[in-house]
A.B. asks: 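Sharing a structure below in C-alpha cells format, with a few things to ask.
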Protein chains: 2
Amino acid sequence: MHLFFPRREGLSGAASAEFLIDVHQRQPDSPRKGSESFVMRPTVNDIAREAGVSLATVDRVLNARPGVREKTIKAVNDAIARLGYVRDLTAANLARSRSYRMAAVLPDTESQFVQSLAQALTDAGQVAATTRIELNLLRFPPEDPHALAALLSRLPDSGYAGVALMAPETPVVRDAVRALRARGLPVVALVSDLPNTGRDHFIGIDNRAAGRTAGVLMGRFLGGGPGQVLVLGSSLLARDMVERRRGFDEVMLRDFPGIEVLQSLETHGSGRTLRQVVTEMLANVPDARGIYAMGDGLRALTQALEELGLSGKLTVICHELTPHARKALEGGEITAVITQNLGHLARSTLRVLRAKADNLPLDAGQEQIRIEIVLRENLPPRPDVSLDSDTDTTEAAA
Amino acid sequence: MHLFFPRREGLSGAASAEFLIDVHQRQPDSPRKGSESFVMRPTVNDIAREAGVSLATVDRVLNARPGVREKTIKAVNDAIARLGYVRDLTAANLARSRSYRMAAVLPDTESQFVQSLAQALTDAGQVAATTRIELNLLRFPPEDPHALAALLSRLPDSGYAGVALMAPETPVVRDAVRALRARGLPVVALVSDLPNTGRDHFIGIDNRAAGRTAGVLMGRFLGGGPGQVLVLGSSLLARDMVERRRGFDEVMLRDFPGIEVLQSLETHGSGRTLRQVVTEMLANVPDARGIYAMGDGLRALTQALEELGLSGKLTVICHELTPHARKALEGGEITAVITQNLGHLARSTLRVLRAKADNLPLDAGQEQIRIEIVLRENLPPRPDVSLDSDTDTTEAAA
DNA sequence: ACCGAAATGAGGTACGCACCTCAAAAATGC
DNA sequence: GCATTTTTGAGGTGCGTACCTCATTTCGGT
C-alpha cells in the first residue's frame, strides 16, 4: 500500500500556506454546487498515463497480480510515488464488495464488566455497520468449555469472517480455536489472552503490568507502610488473576517491604462468599490498611466495608471502571481503579478483526489498549461505557 | 441516518448461533472465489421494492430531498426499518466524491510536546489519506498572533474544509476564528480551548481536572504532608496553566492541608531561566518534597535536579508523555506524568473535523480525550507518539 | 528468425449510492 | 371536470476501484 504523505513544513518554516497548495489540482469538468473547492487526487488512470502503461497493468501492480516484469512494476511504482497516489479505500472496498460478519463470543455472566463490554461491542457494531461490518454477540455458559467449543465449531459454516473471544484457555477451547484458525478464521483474544492457541492477536491489557501499577499506587498511597493489604480475586479468568497478583507482589516486595501483602482470597465469583470472607478477614487483621480487589465482586466488597463501618477508611484499589466502580469512586468508597477503555477495546476489536480478515497490517499504536488509572479526580465526565444505551441516538438527516 | 442494529442476544440466551443467520441473505448470482460466504445487505433497490416505490423516491427520502408526501416518506422508512437497511457510507462518499482538505495549525516551537503532536497528526493524516482526507500542518511564530491571524484568514481561499488550531486565545485570534466560522469553515480547538470564539469543538483534556489529578497524586504520594511543593509553569498557553494550578490548589487545600504549595514559578519557556529559578528555589526551600511541573521545560528541570543531587529524591509530577518524560520516568527521575494520548487526539481531530464538515453527529465517547496517569509501571511499551517516524512503514501488498 | 511463453493493452462490468433530467401520474383547487 | 401543482417513476451518468476476458505485443531461447 502506498501512502500519500502530506507535505511537512519544516519546523522553521514561515507561516505561509501558499506553497502547500496541492500540485495535483485538476479543474473539475463541471463546477460543483456549494463553495467547496475540490482538490482532485490522482487516480489509477493518472498512474497509467504517468507511467506510460495501461490501466490493466497498473491494476496488476496495485493488486500484486502476477505477470508483470520487474521493470514495469518499478515504472508504475515510480509513477505512484511521483504523483503521490493513495488508493481510495472506500472505492476499493466498494469494488471488492466485501462485507464482514464477525462474532464476539463472551461468557454469559451477569458481571457488570462483561455487560459493559457487551454494550461497548454492540455500540461499536452499530457504527461499523455503515462500513459493511456486522458484529454478532454470542454468549456461552461460563462454566461449560464444551458448549463454547461446540459454539465455536459452528461459526465457520455460519458465514463468519472472524471471531473475538473472551474465555479462559482450557484445552478444549484451545483446540477449538486452533480448528477455527485452521479453517482460515482469524481469532482474536479479548480481555484475557489465549497465548497457546496461536490466536492472531490479543486485545487487552498486560495484566502483570496492571498488577504492578496497582502495586505502586497501593504502596505510595500507604506511604510505604507499615500495614497490611488484603488481596481478593475471583477466578473467572484465572490466568489474569495470577498475573495481576504476580505484578502486584513484584512491586510490593521490591519497593514497599514495609507492607505486608496477605494471601489472595479466592471468592469464586460469589458475592456472598466474598462478603463473608472479607468480613472475617478484616476482623482478624485489624491493622489492614488496603485492599486490592483483582477481580469481580466490587458490589459485595463495598457492601461489606459499609457494614463494617470501614467505608472510605481503607485504600481500596480495584479493576474495571464499571458503573458501580464509578459510583464508589465518586463516593470515596474506593481509591483508585485500574481499567481499560472498553469503547476503545471494542472498536479495536473490529479494526483488528477486519485487518486480519483482509490480511492487512495494523496500526500498533492505535490498537494498544492502555492501562488506565482512574481516581475521583480524573473520572471521565460521561460514562465510559455506560449501560444506558439510548443517549446518543442522533439523527443525521439534515 | 438509519442504523443497522445487529440483533442482540438476550443475556440468558442459549449458546447457539443458528438463529443469528441474517434474514436478508441473498444468493449471489455467481459464486465468488474463496471460501467466504456472503451475506448480502439490503440496498436502496431492495428498499424501493419493499416499499413499492421507485428508486428515485427512495433516494429523495434518504437524502431528505423535497417533493415527497409524508405518507410516502413513512412507507419508505418503514421498509428501511423492516429490512434493517444501513446506508453504505463508503459507497455514499464515493458517489458524493467528497474530499476533505484540513489544516492543523500549530505554534512553531521546538517543544517536544508540539513536535510529538505534529508527528501524531502527520501519522493520522497518512492513514486518513486513504479515505479522501488530506491534512496539512501549518505553523505560526508562537509570539505573533497577527501572523497567525493572517495565516488563518488565508485558509478559506486555499480550499480548506476545516481547521484545527492550537493557539492561545488572544483578541486577534478570536476574531480570526470567528471570521473563519462565518465563512463556513469548522474550527476545532486543539489541546487548549478557545472558549470565546464559538469554536465548533474542543479536543483535549480538562486542564482543571488534570490539575486536580496531579494534586491527588502529589498529596497521596507525600502521605499528606508535611512538606512543601514547588509549582512550575511556562506561559505558552497561559490559560491552561492557570487552570491546572487552580485544580491543583483546589485539591491540595481541601484534602492535604498539611502540604504547603508555593507560588507558581513562571519560566517563560526558557530552559536557562528554569534551571536558575529551580536551583535558587530549592536552595531556599530545603524541605521541598515535591515539584509539580505544569508546563514545558522538563529537560531543564531534570538537569537542575541532577546537578543538585536530588534526582529521584523528590516526588515530581509533570505533564505530557514526551520522549524525555518517558525516559525520566523509566529512570525514576520523575514520579508520574499526567498526559493525553496524542495518537488518539490526532485521530479524533480528523474525525471531528470531518463530522463537522459534513454536519454529522459525533460519537462523544470516542472523542473524549482522557486524562491519563502514567507511572513507570504502566508506561505503554511502545512509544506513545514517538519522534522516530519510519518504524511503521508497512507494506500492504500481499 | 522463428517459436512458445510471457507481458501488456483494450475494453467491459460491477459495486452501492448520489444526483440529474424529463415525462407521467396523481392529487389539488376551483 | 378542468387546469394546475405536486408527487412519483424511469432512466441515465459518474465516483474510483476490482476483476474479468480476449487480443496483441514483446521477450527469451534456440
Side-chain angles (χ1 to χ4, degrees), chain A residues 1-2 26 28-30 32-34 38 40-49 51-76 80 83 85-99 129-132 358 398, chain B residues 1-2 4 26 28-34 38 40-49 51-76 80 83 85-99 129-132 358 398:
Chain A
M1 187 162 55
H2 299 269
R26 282 195 264 138
D29 302 353
S30 58
R32 319 258 185 169
K33 274 197 173 175
F38 282 82
M40 309 292 273
R41 291 178 10 167
T43 73
V44 280
N45 284 294
D46 298 324
I47 301 177
R49 199 178 326 114
V53 300
S54 75
L55 196 59
T57 300
V58 173
D59 177 67
R60 290 183 183 109
V61 174
L62 276 179
N63 296 295
R65 285 184 241 283
V68 187
R69 272 183 305 170
E70 274 306 322
K71 203 173 139 192
T72 315
I73 294 184
K74 187 175 180 319
V76 171
I80 287 174
L83 293 179
Y85 168 82
V86 201
R87 198 196 223 105
D88 184 332
L89 277 189
T90 64
N93 285 329
L94 176 60
R96 274 190 247 262
S97 87
R98 257 185 210 160
S99 64
T130 63
T131 47
R132 319 170 67 78
D358 281 348
Chain B
M1 186 162 55
H2 300 269
F4 169 75
R26 283 194 265 137
D29 302 352
S30 58
R32 320 258 184 168
K33 276 196 171 175
F38 282 83
M40 309 293 272
R41 291 177 12 164
T43 74
V44 279
N45 284 294
D46 297 323
I47 301 177
R49 199 177 326 112
V53 301
S54 76
L55 197 58
T57 300
V58 173
D59 177 67
R60 290 184 184 108
V61 174
L62 276 179
N63 297 294
R65 285 185 241 281
V68 187
R69 272 183 304 170
E70 274 307 322
K71 204 173 137 191
T72 317
I73 294 183
K74 187 174 180 318
V76 171
I80 287 174
L83 293 179
Y85 168 82
V86 200
R87 201 196 221 104
D88 184 331
L89 277 189
T90 64
N93 285 329
L94 177 60
R96 273 188 248 263
S97 88
R98 261 191 205 154
S99 64
T130 62
T131 47
R132 317 172 68 79
D358 281 348

A.B. asks: Check every atom of dA18(D), dA18(C), dG16(D) against the side chain of L94(A) and return the nucleotide holding the closest atom.
C.D. replies: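 Out of dA18(D), dA18(C), dG16(D), the nucleotide with an atom closest to L94(A)'s side chain is dG16(D).
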A.B. asks: To the nearest Å, give me how far apart CG (N45(B)) and P (dA14(C)) are.
C.D. replies: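 Taking atom P of dA14(C) as the reference, CG of N45(B) is at 13 Å.
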A.B. asks: dT8(C), OP1 or OP2 - any side-chain N/O from T57(A) closer than 4.0 Å?
C.D. replies: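 The answer is no; no side-chain N or O of T57(A) sits under 4.0 Å from OP1 or OP2.
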A.B. asks: Whole-Å distance between dG16(D) C1' and R96(A) CZ?
C.D. replies: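 Taking CZ of R96(A) and C1' of dG16(D), I get 12 Å after rounding.
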A.B. asks: Between T72(B) and N93(A), which is nearer to the 5' end of DNA chain D once each is assigned its nearest nucleotide?
C.D. replies: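 Mapping each residue to its closest nucleotide by heavy atoms, the 5'-most match is T72(B).
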A.B. asks: If you measure from CG on D88(B) to OG1 on T90(A), what distance do you get to the nearest 0.5 Å?
C.D. replies: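 Nearest 0.5 Å value for the CG-OG1 distance: 9.5 Å.
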A.B. asks: Testing the basics here: between R96(B) and R87(B), what is the closest heavy-atom pair and its distance to 0.1 Å?
C.D. replies: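 Answer, listing the atom of R96(B) first, then R87(B): NH2-NE, 4.1 Å.
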A.B. asks: L62(B) has an atom CG; how far is it from atom P of dC17(C), in whole Å?
C.D. replies: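 In whole Å, dC17(C) P lies 8 Å from L62(B) CG.
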A.B. asks: For residues R49(B) and D46(B), report the shortest heavy-atom separation together with the two atoms involved.
C.D. replies: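 So the two residues come closest at NH2-OD1, 3.0 Å.
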A.B. asks: If you compare all heavy atoms of V86(B) against all heavy atoms of R41(B), which two are closest, and at what distance to 0.1 Å?
C.D. replies: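 Smallest interatomic distance, heavy atoms only, reads O-NH2, 3.1 Å.
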A.B. asks: To the nearest 0.5 Å, what is the distance between OG1 (T57(A)) and CD1 (I47(A))?
C.D. replies: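 Answer rounded to 0.5 Å: 12.0 Å.
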A.B. asks: Once you round it to whole Å, what is the distance between P of dT8(C) and CD1 of I73(A)?
C.D. replies: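 Rounded to whole Å, this separation is 8 Å.
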A.B. asks: Once rounded to the nearest 0.5 Å, what's the spacing between atom CG of N93(B) and atom OG1 of T131(A)?
C.D. replies: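 N93(B) atom CG to T131(A) atom OG1 measures 11.0 Å (nearest 0.5 Å).
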A.B. asks: Report, one pair per line, the protein and nucleotides 10-13 of chain D atoms (nitrogen or oxygen only) whose separation is under 3.5 Å.
C.D. replies:
none

A.B. asks: To the nearest Å, how far apart are E70(A) CD and dT8(C) P?
C.D. replies: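 Checked: the CD to P distance equals 10 Å.
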A.B. asks: For a quick test of reading the model, state the closest non-hydrogen atom pair linking V44(B) to Y85(B) and the distance between them.
C.D. replies: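 Looking at all heavy atoms of both residues, the shortest contact is CG1-OH, 3.7 Å.
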A.B. asks: Using a 4.0 Å cut-off on protein heavy atoms (strictly under), produce a 5'-to-3' string for nucleotides 24-30 of chain D with B for base contact, S for backbone-only sugar-phosphate contact, and - for none.
C.D. replies: ---S---
A.B. asks: What donor-acceptor contacts under 3.5 angstrom involve side-chain atoms of residues 69-76 of chain B, with partners at least two apart or in another chain?
C.D. replies:
unit_1, atom_1, unit_2, atom_2, d
K74(B), NZ, D78(B), OD2, 2.8

A.B. asks: Shortest non-hydrogen contact from A48(A) to L55(A)?
C.D. replies: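 Shortest heavy-atom contact: CB-N, 4.0 Å.
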A.B. asks: Is the phosphate of dG16(C), meaning OP1 or OP2, less than 4.0 Å from a side-chain N or O of R87(B)?
C.D. replies: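 Checking R87(B) against dG16(C): no side-chain N or O falls below 4.0 Å of OP1 or OP2.
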A.B. asks: Can you check the I47(A) CD1 to dG9(C) P distance for me, whole Å?
C.D. replies: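 My rounded result for the distance is 14 Å.
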A.B. asks: Among the candidates dC19(D), dG16(C), dG16(D), find the nucleotide nearest to the side-chain atoms of T43(A).
C.D. replies: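 Side chain of T43(A) sits closest to dG16(D).
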A.B. asks: Tell me: CZ of R132(B) to C1' of dC17(C), nearest whole Å?
C.D. replies: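 It is 13 Å, rounded to the nearest whole Å.
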A.B. asks: Go through dT17(D), dT8(D), dT8(C) for me and flag the one nearest to the V44(A) side chain.
C.D. replies: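 The closest nucleotide is dT17(D).
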A.B. asks: For Y85(A) and dG16(D), give me the distance from atom OH to atom P, rounded to whole Å.
C.D. replies: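 Atom-to-atom, Y85(A) to dG16(D), this comes out as 10 Å.
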A.B. asks: NA contact type, D59(A), heavy-atom cut-off 4.0 Å: base, sugar-phosphate, or nothing?
C.D. replies: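 Answer is base: heavy atoms of D59(A) come under 4.0 Å of a base.
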